[in-house]
Visitor: 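Sending over a structure as structure tokens; questions will come in a sec.
In what follows, every chain begins at residue 1, and chains take the letters A, B, ... in the order their sequences are listed.
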There are 2 protein chains.
Amino acid sequence: MRVSKAQAQANREHIVETASVVFRERGFDGVGVADLMAAAGFTHGGFYKHFGSKADLMAEASANSLAQSLASAEALSVKDFIDVYVSRDHRDGRATGCTMAALCGDAARQSDDLKSAFAEGIERTLQTLGEKYPTGPDAAPGEARVKMIDLLARAVGAIMLSRACPDDSALADEILAVCHAQMTASLSVQS
Amino acid sequence: MRVSKAQAQANREHIVETASVVFRERGFDGVGVADLMAAAGFTHGGFYKHFGSKADLMAEASANSLAQSLASAEALSVKDFIDVYVSRDHRDGRATGCTMAALCGDAARQSDDLKSAFAEGIERTLQTLGEKYPTGPDAAPGEARVKMIDLLARAVGAIMLSRACPDDSALADEILAVCHAQMTASLSVQS
DNA sequence: TGTACATCAGTGAACGCGCGTTCACTGATGTAC
DNA sequence: TGTACATCAGTGAACGCGCGTTCACTGATGTAC
């Protein structure tokens, strides 16, 4: 049952897309190659026609979803980014949310290949949002980047701590509400 | 080869202790029951004389290491906490570092039992360090807690993002340095 | 205090199962003439 | 354009392996008399 080159390429992209969602939902170790292929609508045997190993797909799926999140962040102001990111919807929507928040704990234990994908995702996020960071007129050069690094760490930390609490826990919501307020407030304080 | 009650209890504690280190190093899914028991100096068969399941040990080991980190934080000022926490030593010493930073990504996908251990660890950390947070003389009640929640999210986020970057990456060090400076600076700004 | 027996922490073989990966096979697609 | 053949994406059985868990067994500890 050979398939056209265009179809094969589309299928490959569909597998990467599916993997980027399922990995975020269940973690790299929480999904098998067979699960992944079934979720994409295929049988597991064809996997190695597209990828050298599961680890290769992990890196590619991460790069894919990091790039995707970045694309959606491009349309946002820093304030809007905070609203979207530090929210209950984002916390509860791991599968379609930020890859950093969903997988950076796992990434820390993976190959440098995978970590490079994360570093690039982080760097691009810093650049994209850093350009829009509202610094004062007499801000030092690099001020926006510094503020943006701090902001990203706060955002990722807030989501991850909130997700580590039991569902419907008051603490989980408190963390989000407090961090959202503090981050928003820090935006209007120019240094 | 029965062993005295006191010895059995000591052995159990040793297994929990070992597990809390190895889980932080390799993640919950990265270590098997047999590995764990071998690391503690036993064979795997005896595991179920002490624990109902691997998941039970995961929760107990997490609670144990969270309590331990808390104990060492009790001696620190908030400024010292930032120095110790947001550091390269901490980033590179996952096995003996903060359990939140090492495992909160994994915890998000586990049972509410495990998450409860994390929520309690977070709550106690907030209380212990919150009491020492240097707010101004006319600070609103609850101000210290709010600041401490934000500070903890920043600290955890900074370590986790830094760990997700390749070893010896400039970005990994930049994230730590920037967040350390920003957090320290925010300590001296009273609201 | 000494003896006889029950308990149970720890051992190591074994269990079924799911994992990542390989492979012979199929048949539509792509290519050479 | 039509025919013959090579290619290769996708299938599904099979591989060895390590996982969490169970179990019969051992022998020192704990207990009853």
Side-chain angles (χ1 to χ4, degrees), chain A residues 1-62 103 106-107 109-111 113-114, chain B residues 1-62 103 106-107 109-111 113-114:
Chain A
M1 309 173 175
R2 196 185 182 182
V3 117
S4 76
K5 279 195 156 184
Q7 185 62 56
Q9 180 58 26
N11 290 347
R12 189 197 143 94
E13 280 162 23
H14 178 58
I15 295 166
V16 172
E17 196 69 32
T18 303
S20 88
V21 170
V22 186
F23 280 143
R24 274 178 281 178
E25 180 71 38
R26 301 201 244 154
F28 293 132
D29 291 340
V31 216
V33 167
D35 295 322
L36 239 18
M37 290 297 278
F42 299 99
T43 54
H44 64 277
F47 181 85
Y48 294 89
K49 291 282 154 58
H50 290 300
F51 310 99
S53 65
K54 185 189 178 187
D56 284 0
L57 176 60
M58 282 159 49
E60 198 170 331
S62 299
L103 290 169
D106 295 48
R109 297 175 219 115
Q110 304 295 332
S111 70
D113 233 44
L114 198 278
Chain B
M1 305 162 177
R2 195 185 184 180
V3 117
S4 75
K5 280 195 158 187
Q7 186 61 56
Q9 179 58 26
N11 289 348
R12 190 197 141 95
E13 279 161 24
H14 178 59
I15 295 167
V16 172
E17 196 68 33
T18 304
S20 88
V21 170
V22 186
F23 280 144
R24 273 178 281 178
E25 180 70 37
R26 300 201 246 155
F28 292 131
D29 291 340
V31 216
V33 166
D35 295 321
L36 240 17
M37 291 296 279
F42 299 99
T43 54
H44 64 278
F47 181 86
Y48 294 89
K49 292 280 154 59
H50 290 300
F51 310 99
S53 66
K54 186 190 177 186
D56 284 359
L57 175 61
M58 281 159 49
E60 197 169 332
S62 298
L103 291 169
D106 296 49
R109 297 175 219 117
Q110 304 295 333
S111 70
D113 234 44
L114 197 279

Visitor: Given that B:Gly45 and B:Ser4 both sit by DNA chain C, which one's nearest nucleotide is further toward the 5' end?
Guide: B:Ser4
Visitor: Name the nucleic acid region contacted by B:Lys49, choosing base, sugar-phosphate or nothing; use a 4.0 angstrom heavy-atom cut-off, strictly under.
Guide: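 The answer is base, as B:Lys49 lies within the cut-off (heavy atoms under 4.0 Å) of a base atom.
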Visitor: In the strands shown, is D:dC5 matched to any nucleotide by a Watson-Crick or G-U wobble pair with both distances under 3.5 Å, and which?
Guide: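 Base-paired to C:dG30.
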Visitor: Report the residue (A:Arg2 or A:Ile15) whose heavy-atom-nearest nucleotide on DNA chain D is the more 5′ of the two.
Guide: A:Arg2
Visitor: If I take atom NE2 in residue B:His44 and atom P in nucleotide C:dA9, what distance separates them, rounded to the nearest angstrom?
Guide: 17 Å
Visitor: Between atom CD in A:Gln7 and atom P in C:dG27, what is the gap in whole Å?
Guide: 19 Å
Visitor: Any salt bridge linking A:Asp106 with B:Arg109? Criterion: basic side-chain nitrogen under 4.0 Å from a carboxylate oxygen.
Guide: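 Result for this pair is yes, salt bridge flagged.
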Visitor: So which nucleotide does C:dC17 pair with, by the Watson-Crick or G-U wobble rule with both distances under 3.5 Å?
Guide: D:dG18
Visitor: Short question: side chain of B:Lys49, backbone of B:Ala8 - any donor-acceptor pair under 3.5 Å?
Guide: no
Visitor: Find the distance B:Asp29:CG to C:dC19:P and express it as a whole number of Å.
Guide: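 My rounded result for the distance is 12 Å.
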Visitor: Pick base, sugar-phosphate or nothing for A:Tyr48, based on heavy-atom distances below 4.0 Å to the nucleic acid.
Guide: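 Base contact - A:Tyr48 has a heavy atom under 4.0 Å of at least one base atom.
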Visitor: Would A:Leu103 and A:Arg24 count as a side-chain contact (heavy atoms from CB on, under 4.5 Å) here? Give the steps.
Guide: CA-CA 6 Å; A:Leu103 290 169; A:Arg24 274 178 281 178; 4.1 Å; yes
Visitor: What is the distance, to the nearest angstrom, from the NE2 atom on A:His14 to the P atom on D:dG10?
Guide: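 Rounded to the whole Å, the gap is 11 Å.
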Visitor: In this structure, how many angstroms lie between the C1' atom of C:dA9 and the CD atom of B:Gln9, rounded?
Guide: 12 Å
Visitor: Taking the side chain of B:Val33 as heavy atoms from C-beta outward, which of D:dG20, D:dT22, C:dG20 is closest to it?
Guide: D:dG20
Visitor: Using the closest heavy atom to pick a nucleotide of DNA chain C for each, name whichever of A:Asp35 or A:Gly46 lands nearer the 5' end.
Guide: A:Asp35
Visitor: Atom CZ of B:Phe47 and atom P of C:dA14: how far apart are they, to the nearest Å?
Guide: 22 Å
Visitor: Out of D:dT22, C:dT11, C:dA9, which has the shortest distance to the side chain of B:Phe42?
Guide: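 Among the listed nucleotides, the one closest to the side chain of B:Phe42 is C:dT11.
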Visitor: With side chains defined as the heavy atoms from C-beta onward, is the minimum distance between A:Thr18 and A:His14 less than 4.5 Å?
Guide: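 A:Thr18 reaches A:His14 side chain to side chain.
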Visitor: Using modelled atom types only, decide if a donor and an acceptor are shared between the side chain of B:Arg26 and the backbone of B:Val22 within a distance under 3.5 Å.
Guide: no
Visitor: Which nucleotide in the set C:dT29, D:dT21, D:dG30 lies at the smallest distance from any side-chain heavy atom of B:Lys5?
Guide: D:dG30
Visitor: Which of these nucleotides, C:dT7, D:dG12, D:dT22, is closest to any side-chain atom of A:Thr43?
Guide: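 Of the options given, the side chain of A:Thr43 lies nearest D:dG12.
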Visitor: Let me know the distance between CE of B:Met37 and P of C:dA9, rounded to the nearest Å.
Guide: 12 Å
Visitor: Can we say B:Arg12 and B:Glu60 salt-bridge, meaning some charged N sits less than 4.0 Å from an Asp/Glu carboxylate O?
Guide: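 Yes, this pair counts.
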Visitor: Given C:dG20, D:dG12, C:dA14, identify the nucleotide with an atom nearest to the side chain of A:Lys54.
Guide: C:dG20
Visitor: Starting at atom CZ of A:Phe28, determine the distance to atom P of C:dG20, rounded to an integer number of angstrom.
Guide: 13 Å
Visitor: D:dG10, OP1 or OP2 - any side-chain N/O from A:His50 closer than 4.0 Å?
Guide: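 Yes, A:His50 has a side-chain N/O under 4.0 Å of OP1/OP2 on D:dG10.
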Visitor: For D:dA24, which nucleotide in any strand shown is its Watson-Crick or wobble partner with both distances under 3.5 Å?
Guide: C:dT11
